[in-house]
S.K.: 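Supplied in structure tokens, the structure appears directly below.
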Amino acid sequence: REKAAEAWVEQAFRFYEQDNPGMAMRRFNQAWLLDPTNPEVFWGFGSILHDQEKMCEAMTHFEKALKAGRYISGLYPDAGRVFSECAVENKGLSADDRQKLYDRADVLFAQAAEKDKNKGYVYVTWAIAYYLREQYPQSWEMVKKARENGGEVPPQFLAMLRSKMAEP
């Protein structure tokens, strides 16, 4: 069952990368039916909800994926971004609750920076999270780290960041 679930997850992420969220969701659901403890299933659910701009709902699935307790490359920076996006978008949060989400995101990013082989992706994602929080100097710092680690910083993101603060 676990091996079959892994195969469905692999196929689901292929559909996701091909911008076919309907088929991706079907495959993630099939994987979940076979192995409801597979953290990559919840990562997939959260990714699809993120793309539907349901950040706080996505965050709950990322939290389930993280509770598995094993490091999966890419999961932590994606979760950090979603935690930040939920904090920014949920206007009903108190300042303390918003800060707790930011702090949780930063812990995830720091863990990813330490463990992940794709550090460029980690830092690009962290830069985007800082941008969303309107922390532009920190965003530029992460852009610099992303570049140093071979990360591809999207030109449209750089244009948005430059419109808020000149590149140091």
S.K.: Taking side chain to side chain contact (heavy atoms under 4.5 Å, CB included) as the definition, give me every residue that meets it alongside Pro155, ordered by chain and number, with sequence neighbours left out.
M.R.: none
S.K.: When the aromatic ring centroids of Phe42 and Phe62 are compared, is their separation below 6.0 Å?
M.R.: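 Centroid separation for Phe42 and Phe62: 6.0 Å or greater.
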S.K.: Among residues at least two apart in sequence or on other chains, which ones pass ring pair (Phe, Tyr, Trp, His ring centres under 6.0 Å) with Phe109?
M.R.: Trp126
S.K.: Any side-chain heavy atom of Ser84 sitting closer than 4.5 Å to one from Arg133?
M.R.: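 When only atoms from C-beta onward are counted, Arg133 and Ser84 do touch, with a gap below 4.5 Å.
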S.K.: Sequence neighbours left out, what passes salt bridge (Lys or Arg N to Asp or Glu O under 4.0 Å) with Glu40? Give chain and number order.
M.R.: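 Salt bridge (Lys or Arg N to Asp or Glu O under 4.0 Å) check on Glu40 returns nothing, list empty.
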S.K.: Could you list the residues that satisfy side chain to side chain donor-acceptor pair (under 3.5 Å) with Glu114, not counting sequence neighbours?
M.R.: none
S.K.: Using the test side chain to side chain donor-acceptor pair (under 3.5 Å), find all partners of Glu167 that sit at least two apart in sequence or belong to another chain.
M.R.: Arg147, Arg162
S.K.: Check whether the side chains of Asp78 and Tyr121 place a donor and an acceptor atom closer than 3.5 Å, and report yes or no.
M.R.: yes
S.K.: Glu10: which residues meet the salt bridge (Lys or Arg N to Asp or Glu O under 4.0 Å) condition with it, sequence neighbours left out?
M.R.: Arg14
S.K.: Hey, any chance Phe157 and Tyr136 share a hydrophobic cluster, counting ILVMFWY side chains that come within less than 4.5 Å of each other, even indirectly?
M.R.: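 Linked within one cluster.
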S.K.: Salt bridge between Glu85 and Arg81, side-chain N to carboxylate O under 4.0 Å?
M.R.: yes
S.K.: Do the side chain of Asn149 and the main chain of Lys145 share a donor and acceptor less than 3.5 angstrom apart?
M.R.: yes
S.K.: Just checking Gln52: does its CD atom have more than 12 heavy atoms from other residues, nucleotides or ligands closer to it than 6.0 angstrom?
M.R.: yes
S.K.: Is the backbone of Gln135 close enough, under 3.5 Å, to the side chain of Ser139 for a donor and an acceptor to pair up by distance?
M.R.: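 Here the side-chain-to-backbone pair does not exist.
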S.K.: Can you list the residues that meet the side chain to side chain donor-acceptor pair (under 3.5 Å) rule with Thr60, with sequence neighbours excluded?
M.R.: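 Partners of Thr60 under the side chain to side chain donor-acceptor pair (under 3.5 Å) test: none.
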S.K.: Could you list the residues that satisfy ring pair (Phe, Tyr, Trp, His ring centres under 6.0 Å) with Tyr16, not counting sequence neighbours?
M.R.: none
S.K.: Report whether Leu158 and Met142 are members of the same hydrophobic cluster (ILVMFWY, side-chain heavy atoms less than 4.5 Å apart, transitive linking).
M.R.: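 Different hydrophobic clusters.
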S.K.: For Tyr76, check ring pair (Phe, Tyr, Trp, His ring centres under 6.0 Å) against everything at least two apart and list the hits.
M.R.: Tyr71
S.K.: Is there a donor-acceptor contact under 3.5 Å from the side chain of Lys91 to the main chain of Val88?
M.R.: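 The answer is yes, because a donor-acceptor pair under 3.5 Å joins these two groups.
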S.K.: So do the side chains of Leu93 and Asn90 get within less than 4.5 Å of each other, counting heavy atoms only?
M.R.: yes
S.K.: Are any of the side-chain heavy atoms of Met165 and Pro137 separated by less than 4.5 Å?
M.R.: yes
S.K.: So do the side chains of Trp8 and Asn38 get within less than 4.5 Å of each other, counting heavy atoms only?
M.R.: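 No - every pair of side-chain heavy atoms lies 4.5 Å or more apart.
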S.K.: Please tell me if the side chains of Glu89 and Cys56 come closer than 4.5 Å, counting only heavy atoms from C-beta onward.
M.R.: no
S.K.: Could you pull out all residues at least two apart from Phe13 that satisfy ring pair (Phe, Tyr, Trp, His ring centres under 6.0 Å)?
M.R.: Phe28, Trp43
S.K.: Sequence neighbours left out, what pairs pass side chain to side chain donor-acceptor pair (under 3.5 Å) with at least one residue falling in residues 26-35?
M.R.: Gln11-Arg27, Arg27-Gln30, Asp35-Thr37
S.K.: Test your reading of the model: is there a side-chain donor-acceptor pair from Asp116 to the backbone of Lys119, 3.5 Å cut-off?
M.R.: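 No, the answer is negative, given that no donor and acceptor are paired below the 3.5 Å cut-off.
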S.K.: For Ser163, check side chain to side chain donor-acceptor pair (under 3.5 Å) against everything at least two apart and list the hits.
M.R.: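 In terms of side chain to side chain donor-acceptor pair (under 3.5 Å), with neighbours along the sequence ignored, Ser163 is linked to no residue.
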